[in-house]
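Each remark here refers to the structure printed beneath this line.
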Amino acid sequence: IVDLMNSLSKDQEWDQFLAGYVNRSLNNQDYEKASDLSNRIRNPVLKISSLGEIMSTYLMDGNETETKLLMARVQLELDKIEDPDIKASVLISVGEMLGALGTKAEPEESLEKVVTMAAESPSKFESAAMHSRLAVAYMQQGNKAKSRSHFAQAERAAGQIKEPADRIS
């Protein structure tokens, strides 16, 4: 039984199961249970998604203190994501969700974090991927100037990759 429980605690499907119960708990307005369940999720991307669902509930209820605490937890989970492209994607998603719920600084604050990540990336491949994500995010916001700028930066970064196969992967 111990081995089974240990394997479940590292299993992606188990994390998805827990994330589903976070949503169910939120639907039942059992915020404490939702928070406890989110603590058990190991995958940082799924955990951030669940924390985002909890944050959206608190934002709709006008509970900014709890939202700030959850945002700190999101930041801790973001630090656990090693792949810069996945981190950028999650940051953009969180920013869009918070912006849609009326948070004043979002999604711009999250997008600026991704801009910084892209500028500081030592890998042209990673930089190109992040700039392309930024181009799409700004286009979805209707900011064509920033979208074009990031698309051009993605093209420049991709053009500096030596192997043609790596440019299109």
Side-chain angles (χ1 to χ4, degrees), residues 1-121 126 129-143 146-147 150:
I1 293 178
V2 172
D3 290 337
L4 176 64
M5 293 306 290
N6 282 336
S7 68
L8 281 177
S9 70
K10 298 174 189 168
D11 187 358
Q12 175 79 11
E13 290 177 10
W14 180 249
D15 284 347
Q16 290 174 336
F17 174 80
L18 290 173
Y21 269 88
V22 167
N23 289 335
R24 182 178 286 179
S25 297
L26 290 173
N27 289 338
N28 293 332
Q29 298 181 345
D30 190 349
Y31 306 128
E32 188 174 326
K33 184 175 182 179
S35 182
D36 288 343
L37 288 168
S38 72
N39 288 335
R40 295 181 188 173
I41 299 171
R42 300 279 185 229
N43 181 300
V45 175
L46 283 173
K47 185 177 258 188
I48 289 169
S49 176
S50 290
L51 292 172
E53 293 293 327
I54 298 169
M55 273 194 291
S56 67
T57 303
Y58 283 136
L59 279 170
M60 287 188 284
D61 291 344
N63 192 337
E64 290 186 30
T65 304
E66 288 293 330
T67 304
K68 289 178 183 177
L69 292 171
L70 288 168
M71 197 58 201
R73 288 176 61 191
V74 166
Q75 189 58 49
L76 289 172
E77 293 303 314
L78 278 169
D79 292 342
K80 294 178 184 177
I81 300 173
E82 294 178 15
D83 185 296
D85 187 42
I86 293 173
K87 185 182 277 191
S89 175
V90 170
L91 262 170
I92 291 169
S93 294
V94 168
E96 288 173 346
M97 183 265 308
L98 291 173
L101 291 169
T103 303
K104 293 176 187 172
E106 294 295 347
E108 199 61 40
E109 193 173 290
S110 294
L111 292 172
E112 286 304 316
K113 288 178 184 178
V114 177
V115 168
T116 301
M117 287 171 52
E120 294 174 352
S121 177
E126 290 172 359
M130 286 186 269
H131 280 296
S132 66
R133 284 196 183 280
L134 286 163
V136 171
Y138 280 116
M139 184 58 77
Q140 288 174 337
Q141 286 185 351
N143 190 334
K146 282 190 177 184
S147 180
H150 284 289

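Residue indices begin at 1 and follow the sequence shown. Here the structure is a predicted model, which means the values were calculated and not measured.
A donor-acceptor pair is defined here as one N or O able to donate and one able to accept, closer than 3.5 Å; no such pair exists between the side chain of E126 and the backbone of M130. For S50 (side chain) and K47 (main-chain N/O), no donor-acceptor pair under 3.5 Å exists by modelled atom type. A donor-acceptor pair is defined here as one N or O able to donate and one able to accept, closer than 3.5 Å; no such pair exists between the side chain of S121 and the backbone of A118.
Atom NZ of K113 is surrounded by more than 12 heavy atoms from other residues, nucleotides or ligands within 6.0 Å. No more than 12 heavy atoms of other residues, nucleotides or ligands sit less than 6.0 Å from atom CD of E64.
Ring-plane geometry between F17 and W14 is classed as parallel, the angle between the planes falling under 30 degrees on a 0 to 90 degree scale with a further cut at 60.
To the nearest 0.5 Å, atom NZ of residue K87 and atom NZ of residue K80 are 12.0 Å apart. The line from CG of D30 to CZ of R24 is 12.5 Å long, rounded to the nearest 0.5 Å. Interatomic distance, CG of L98 versus CD of E109, reported as 9.5 Å (0.5 Å rounding). Going from atom OG of S56 over to atom CG of L26 covers 7.0 Å, rounded to the nearest 0.5 Å. Distance check: T116 OG1 to L111 CG gives 11.0 Å after rounding to the nearest 0.5 Å. If you take CG on L18 and OG on S25, they are separated by 10.0 Å, rounding to the nearest 0.5 Å.
Within the structure, the ring pair (Phe, Tyr, Trp, His ring centres under 6.0 Å) test picks out the following pairs touching residues 39-72 (sequence neighbours left out): Y31-Y58.
Shown here for N43 and V45, the closest heavy-atom pair between the two residues is OD1-N, 2.8 Å.
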Go through the steps to decide whether L78 and V94 satisfy the test side chain to side chain contact (heavy atoms under 4.5 Å, CB included), and finish with yes or no. CA-CA 11 Å; L78 278 169; V94 168; over 6 Å; no
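Looking at heavy atoms from C-beta onward, Q12 lies in side-chain contact with L46 at the 4.5 angstrom threshold. Counting only heavy atoms from C-beta outward, the side chains of Q141 and K146 never approach each other to under 4.5 Å. The side-chain heavy atoms of V115 and E112, taken from C-beta on, include a pair separated by under 4.5 Å. The shortest distance between side-chain heavy atoms of E77 and V90 does not fall below 4.5 Å.
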Please list, one pair per line, the donor and acceptor atoms closer than 3.5 Å that link side chains of residues 133-140 to other protein atoms, with sequence neighbours excluded.
{"residue": "R133", "atom": "NE", "partner": "D85", "partner atom": "OD1", "Å": "2.6"}
{"residue": "R133", "atom": "NH2", "partner": "D85", "partner atom": "OD2", "Å": "3.3"}
{"residue": "Y138", "atom": "OH", "partner": "E108", "partner atom": "OE2", "Å": "3.2"}

Review item, side-chain donor-acceptor pairs of residues 66-73, under 3.5 Å, at least two apart:
{"residue": "T67", "atom": "OG1", "partner": "N63", "partner atom": "O", "Å": "2.8"}
{"residue": "R73", "atom": "NH1", "partner": "S35", "partner atom": "OG", "Å": "3.3"}
{"residue": "R73", "atom": "NH2", "partner": "S38", "partner atom": "OG", "Å": "3.1"}
{"residue": "R73", "atom": "NH2", "partner": "N39", "partner atom": "OD1", "Å": "2.3"}

